[in-house]
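Reminder, nothing fancy here: chain letters follow the sequence lines and each chain counts from 1.
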Number of protein chains: 2
Amino acid sequence: MKRIVVVEDEVFMREELENLLQKAGYEVHAVDLFEHVAKNLLEMSPNLILLDINLPNLSGFQICREVKQRSPIPVVILTSRDQMRDELHALDIGADEYLTKPCRKERLLARIANVLKRYEGRANLLEGEGFLLDRQTYTLYIHDASVVLPKNQGKLLEVFLLGGQKVVTKEDLCDALWGTSEFIDENALQVNLTRLKKTMTNLQMHQKIVPVRGAGYRLMMEGGPDEA
Amino acid sequence: MKRIVVVEDEVFMREELENLLQKAGYEVHAVDLFEHVAKNLLEMSPNLILLDINLPNLSGFQICREVKQRSPIPVVILTSRDQMRDELHALDIGADEYLTKPCRKERLLARIANVLKRYEGRANLLEGEGFLLDRQTYTLYIHDASVVLPKNQGKLLEVFLLGGQKVVTKEDLCDALWGTSEFIDENALQVNLTRLKKTMTNLQMHQKIVPVRGAGYRLMMEGGPDEA
DNA sequence: AAAAAACTTACAATCGCTGTAAGTTTTTTT
DNA sequence: AAAAAAACTTACAGCGATTGTAAGTTTTTT
C-alpha cells in the first residue's frame, strides 16, 4: 500500500484530506507543523508528500525544495493562493504537481495517482547534477543513455552523492567498499577511484572527483572554483 | 535540444504553439492530422508530444492511448473542453499533463519543462504490466526494487514485451540472442528461457512465459485464460 | 632535495554468465 | 498403452568482466 504524508496546518482541512485519501486506499500520515519538517518527512520516507502551502512559519516552498534536494520523493502542492508566480516557482523548484483549492476530490485523487504512477521504479534513484544513479543496481542514467556501473564504482559514486559537496574521507570510502575502515588498503581504494574517474570522463559527466590533500576527496562541478 | 511534436489541426493555434515552443528553445515539429498519427508519432520519437484534443476524425484520447501503450514518450494534452470527465479519463489512460485553453504561455512552458525533467533517464524504459525494463542495461524495476538482468534474459524479456500478447516464435528469440535464426540451437534457447522464467518467479512478477506447442512462447498474465 | 601523497599500469585470481551435454518429464499422436 | 515429439532440468566447463595486488611513476608539499 502506498504511503502519503499530508502536511497541512488547518485542522479541518487536514482531517478531510486524511479521510479522502484513506478511503482511496492510501496509508495516510498527517503531520502538523514543527521545526525540521523536511528532515522528518525524509525519515518517514513516504511514497508521496501532499503539501499545503499556506503555512504559518516556514514557507512551503522551502520544505519542498529541501525534500527535493535530498530525495526522489514526489511532492504535490495544494494551495489556495492562485497566483501564476507561485505556480511557476513551485514547478521550478521541482514540485511534481500544483493544485489550487477548491479542488474537486476526483481531480486531486487522479493527479495523485498520476504522479505516483510516473514514479514507479524511481524509488531508489539518487539525483546528481545532470544524471541519476540507481542505488540498488548502480545503473547510471545520463544524456538519455544508461550504463550499469561496476559495483565498486557505483558504491563510490553513491558515497559522493550522499555526501553532497562535502569532503569525503578515505575511511568513508573504504567503509562503503569493504564494510570496514579497519584495515585500509590505500592502494586498492586508489585504483578503484581511478577507475571511477575514468568512466566519469568517458561518460562526459559534468563533475570531477578532486583530491583534498590529507583529508580525502570531493565531488566538484567541472570548471568549479576558479582560483587563478 | 529536446524535440517536441505538436498535434493540432487548427492552423492559427498550431503556428502560435510552434512559435512559442521554438522561442523557448525546443525543436518543434507540427503535424496535421492524417491516418495512423500514433504510428507516425512513434517513428518521430520526440522527447514529448503536445496533443490537442479537439480533433476532427480520431479522438485525441485514442492517439494518447496508442502512444502510451507502445512507448514511454510523455504526452501533454491541451484542450478547450474543460470537463472533469475528460481530465480524469486523460490522466487515467496515461497522459502526463492535462491543460485547458486558454492557457497562459508561462504555465504551458513550465508544465512542459516539468514533465520533461521528470522523464530524464526514462528514454529507454519499456513498460510491462507492473514493471519497467531498461532496454540498454536490462535493469528491471519492480515492486520498488531493481535488478540488472543478465544480458540474455534481458533480451528475451525485451522481445516478449515488444511482441505484446502475441506468440513469439523461437526464431524471433534466437534472432534476439544471437543475431541469426540460421543455426538454431534449440537447447541453448531452452536453457536461457528457463533461466528467465526462474528469475521472473523469484521476482514475483505477475506474468509467466507459457509454451505454445509447435509455435513458440507467449507472455501471459498470471491466472490468465481459465480453461477448466 | 627529500618526503608524503596521489596516481598509473599490468597481471593474476575470482565470480558470474553462457553454451554444452546428457539426461528426464510432459504432452501429443498412433 | 506405447511411441514420438516437444519441452524442460541439471551439472559442468569455458569465457569475460571486475577486482585486488604489486611495483612502479608523478605530483605536491615541506
Answer yes or no: does atom NZ of A:Lys197 have more than 12 heavy-atom neighbours from other residues, nucleotides or ligands under 6.0 Å?
yes
Nearest-nucleotide pick for B:Trp178, side chain only, options being C:dC17, C:dG19, D:dG20
C:dG19
Gap between atoms CG and P, on B:Asn152 and C:dT18 respectively (whole Å)
4 Å
Which is it for A:Leu189 and A:Leu156 under the side chain to side chain contact (heavy atoms under 4.5 Å, CB included) test, yes or no, and what are the steps along the way?
CA-CA 10 Å; A:Leu189 174 60; A:Leu156 291 179; 4.2 Å; yes
Does B:Asn187 reach a base, just sugar-phosphate, or nothing at all? Heavy atoms under 4.0 Å.
base
Would you indicate what A:Lys198 reaches in the nucleic acid, counting non-hydrogen atoms under 4.0 angstrom: base, sugar-phosphate, or nothing?
nothing
A:Pro211 side chain: which of C:dC7, D:dC8, D:dT19 is closest?
C:dC7
Compare side-chain N and O positions of A:Lys197 against OP1 and OP2 of C:dC7 and report whether any pair is under 4.0 Å apart.
yes
Watson-Crick or G-U wobble mate for D:dG16, both contacts under 3.5 Å:
C:dC15
For B:Lys155 and C:dT18, what is the distance between atoms NZ and C1' respectively, to the nearest whole Å?
11 Å
Only one of A:Leu41, A:Leu50, A:Ile77 passes side chain to side chain contact (heavy atoms under 4.5 Å, CB included) with A:Val7; say which it is.
A:Leu41
In terms of side-chain geometry, is the basic nitrogen of A:Lys117 or B:Asp96 positioned less than 4.0 Å from the acidic oxygen of its partner?
no
Check the phosphate of D:dG20 against A:Asn192, side-chain N and O only, distance under 4.0 Å to OP1 or OP2. Yes or no?
yes
Short side-chain to backbone donor-acceptor contact, B:Thr201 and B:Lys198, under 3.5 Å
yes
Which whole-number value in Å describes the distance from A:Asp185 CG to D:dA22 P?
8 Å
Nearest-Å distance for atom pair CD/C1', residues A:Glu186 and C:dA4:
11 Å
Given C:dC15, is OP1 or OP2 found less than 4.0 Å from the side-chain N or O atoms of A:Lys151?
no
Side chain of A:Gln190: nearest nucleotide among C:dT8, C:dG19, D:dA6?
C:dT8
Upstream residue (5' side of DNA chain C) when A:Thr194 and A:Arg213 are each assigned their closest nucleotide
A:Arg213
Measure the distance from CG on B:Leu149 to P on C:dC17 and round it to the nearest whole Å.
10 Å
Pairing check on D:dT28: which nucleotide meets the Watson-Crick or G-U wobble criteria with it, both distances under 3.5 Å?
C:dA3
Under 4.0 Å: is that the gap between some side-chain N or O of A:Tyr217 and OP1 or OP2 of C:dA5?
no
Would you mind pulling out the nucleotide paired to C:dT8, Watson-Crick or G-U wobble, both distances under 3.5 Å?
D:dA23
Whole Å only: how far is the CD1 atom of A:Ile209 from the C1' atom of C:dC7?
13 Å
Given DNA chain D, 5'-ward residue of the pair A:Val191 and A:Val148, judged by closest heavy atom
A:Val148
What's the CZ-P distance between A:Arg195 and D:dA17, to the nearest Å?
14 Å
Reported CG-to-CZ distance for the pair B:Leu125 and B:Arg135, which is rounded to 0.5 angstrom:
10.5 Å
Atom pair distance, as rounded to whole Å: CG in A:Leu156 and C1' in D:dT19
12 Å
